[in-house]
Amino acid sequence: MTPAFEFNRTLVKKYDRPGPRYTSYPTAPQFHEAFAVDDYLQAVTASNQAAAAKPLSAYIHIPFCQSLCYYCACNKIITRKTHRASEYLGYLKREIAMQGQLFDRTRRLTQLHLGGGTPTYLTGEQLAELMECLRQAFNMDNSDNHEFSIEVDPRTISTEQILVLRGLGFNRLSFGVQDFDADVQAAVNRQQSEQQIYDLVAAARQAQFKSVSVDLIYGLPLQTVHSFDVTLSKIIALRPDRIAAYSYAHLPQQVRAQRMIRPQDMPPPERKLELLELTIRRLTEAGYVYIGMDHFALPDDELSLARANGTLQRNFQGYSTHADCDLIGLGVSSIGKVGDSYSQSVKLLSQYYARLDQGMLPVQRGYRLNADDVLRREVINELMCHGRIDFARFEAVHGVRFNDYFAEALQQLAEQVDDHLLAIDQDTLQLLPQGQLMMRNTAMAFDAYLGGGRKGQFSRTV
C-alpha cells in the first residue's frame, strides 16, 4: 500500500533545491555529440538480438502551437501557418518509415505518446495519416490493452474531435488546464473557458477513454491560495482519473517566453509552498493517491494499482503501468531509449529536414550507459516508483555488496534519516511518509554525475 502522505513545511523548505526529475539516468546534460547515428544503429541491433527483446514504445514530438503560453519552456514553434504542419508531417512519415525498418517486426509497439508543442495542432485527418503510417512501419498493438496517449490543448479541439481521437486508437488523454482563474490565464496568455474543459472531459468519458488526466501548474503569476483553491475545487468536481500538479519554474534568463510575465506578478516563495501544501491536502482529502513527483491518481486507476502492487514504471513520459520498453523518439528534439543507450534528435526544424533529405536519421547526440550507470539507473528507478530499495535484489543481479558499493551515497543520506525522511537498515532503504515529496533529493545521493555546479541546471525538487 502507498504510505500516508505528510507535508512538513519546514522540511520542504529545507530540501527545496535544484535537482533532476530522473525521467532518465544519466540525465540529459550527460548526452554528447560523440554519440552518433552509428552508435544508435548498434544499440538497435543489440536490442533486436537480445534473448528477450523488449516491446516498443514511441514518443512523437509535434512542435507547433497557435499561440505562446508565457510559462512554457518546451521546444515549440508558434505559428498560425498550418501548411507548416503538413510539411512537418511529410518529413515525420519519412523518419517513421526509416525507424520502422530497423526494428524486428515481431516486436510489438504497445506504447505511444504524442507531445509538444500542441499535438492537436494537427487536424483529425493528419492524425489519421500519422497513425496509418505508424501501423505500416511497426507491429502496432491494436488491442485496447495498449497505452496510446496524446496531450490536448482544450482551445484547439472540439468534442467531436475527441471521438475521432478514440477512433484512431488513443485511449488516454491529458488536458492542459493549468489554472481556471481568469486573471492568471491572462497573465500567462492562455485563456480558456471552464465550459470547454467540462465538455471535453464529458466527451472523453462518453468515448470511453481509459484514463483522463488534467495538468495543473502552481506558482504562476497572480495565483493566490484562495484563487487556486477555487481551481482545485472545480477540478476535484470533474474527477479526472489522474492529476499532474507541476511546480512552475520561473527562469526568464533561460526561457525567452517567460520574460513576458511581469516580475511584480510572481508569487513569493512562501506562497508557492502554501500552494503546494494546499494542493496536496485538497487532492488527498478528495481521495486521490499520491503516486510520486507531481502525480496523483484515483485509487482504482491503473497507476494507483501499479504503485500498490510494485509494477509501476517510469520513463521520459513520466509514470507508466506498462512493462519497460525500448523507446523510439520521433520528430524534432525527441529523445529515445534503446537498450542501454539514449539518443536525441536535432532541435532545429531546418536541421531535422536537412538530415532526412540526406537520407539520415536526425540523431544529434546521446549516451551509452556503462555498468555503473545501469546499476544506478535501476536503483533510482526503484526509489522513484516504489519508494523502497531492497539491497539483496541488486546484489544478486549486479554482483555487488550494496552497502559497500553505495557507501558514499548512504553516508550522504544520514541527514535525511535524522530528519525522518527515510529509514535505512542493513537490507533496505524505505521512504517515510514525510519523505515522499522529497524523493528526488534521496535519488540525488545515488547520482554519480552531480557536482561541479550542475545542480543549477535543474528545476527545484519541490
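For this chain, numbers begin at 1 and follow the sequence in order.
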inquiry  = If you define the side chain from C-beta out and look only at heavy atoms, does anything of Pro362 sit under 4.5 Å from Gln344?
reply    = no
| query | Is the Phe35 to Tyr40 ring centre distance short of 6.0 Å? | reply | no
Note to self: Can you tell whether the side chains of Arg393 and Glu382 come within less than 4.0 Å, N to carboxylate O?
What the structure shows: yes
Check your understanding: Is Asp357 salt-bridged to Arg94, going by a charged N under 4.0 Å from an acidic O?
Key -> yes
*asked:* Within the structure provided, determine whether Leu109 and Asn139 are in side-chain contact (heavy-atom separation under 4.5 Å).
replied: no
### Under-4.0 Å salt bridge between Glu147 and Lys210
no
- Query: Does CZ in Arg259 sit with more than 12 non-hydrogen atoms of other residues, nucleotides or ligands closer than 6.0 Å?
  - Reply: yes
Examine Tyr367 together with Phe31 and report whether their ring centres are nearer than 6.0 Å. no
*Would you verify whether the NZ or CZ of Arg376 falls within 45 degrees of the ring axis of Phe446 while also being under 6.0 Å from that six-membered ring's centre?*
no
Taken in chain and number order and not counting sequence neighbours, the residues that satisfy side-chain contact (heavy atoms from CB on, under 4.5 Å) with Asp300 are Leu298
Discussion item. Between Asp181 and Lys234, does any NZ, NE, NH1 or NH2 come within less than 4.0 Å of an OD or OE carboxylate oxygen?
Written reply: no
Only residue of Ser211, Ser304, Ser213 satisfying side chain to side chain contact (heavy atoms under 4.5 Å, CB included) with Asp241 is Ser211
Salt bridge (Lys or Arg N to Asp or Glu O under 4.0 Å) test vs Asp340 passes for just one of Arg368, Lys54, Arg377, namely Arg377
Asp265 meets the salt bridge (Lys or Arg N to Asp or Glu O under 4.0 Å) criterion, sequence neighbours left out, with Arg262
Exercise. May I ask you to decide if the ring planes of His295 and Tyr246 are parallel, tilted or perpendicular, using 30° and 60° as cut-offs?
Key: perpendicular
Before we go on, tell me: are the rings of Phe228 and Tyr218 under 6.0 Å apart, centre to centre? no
Between Asp141 and Arg135 (salt bridge meaning N to carboxylate O under 4.0 Å), is one present in this structure? no
Notebook entry, point to check: Does the ring of Tyr288 carry Arg239 above it, NZ/CZ under 6.0 angstrom from centre and within 45° of its axis?
Noted result: yes
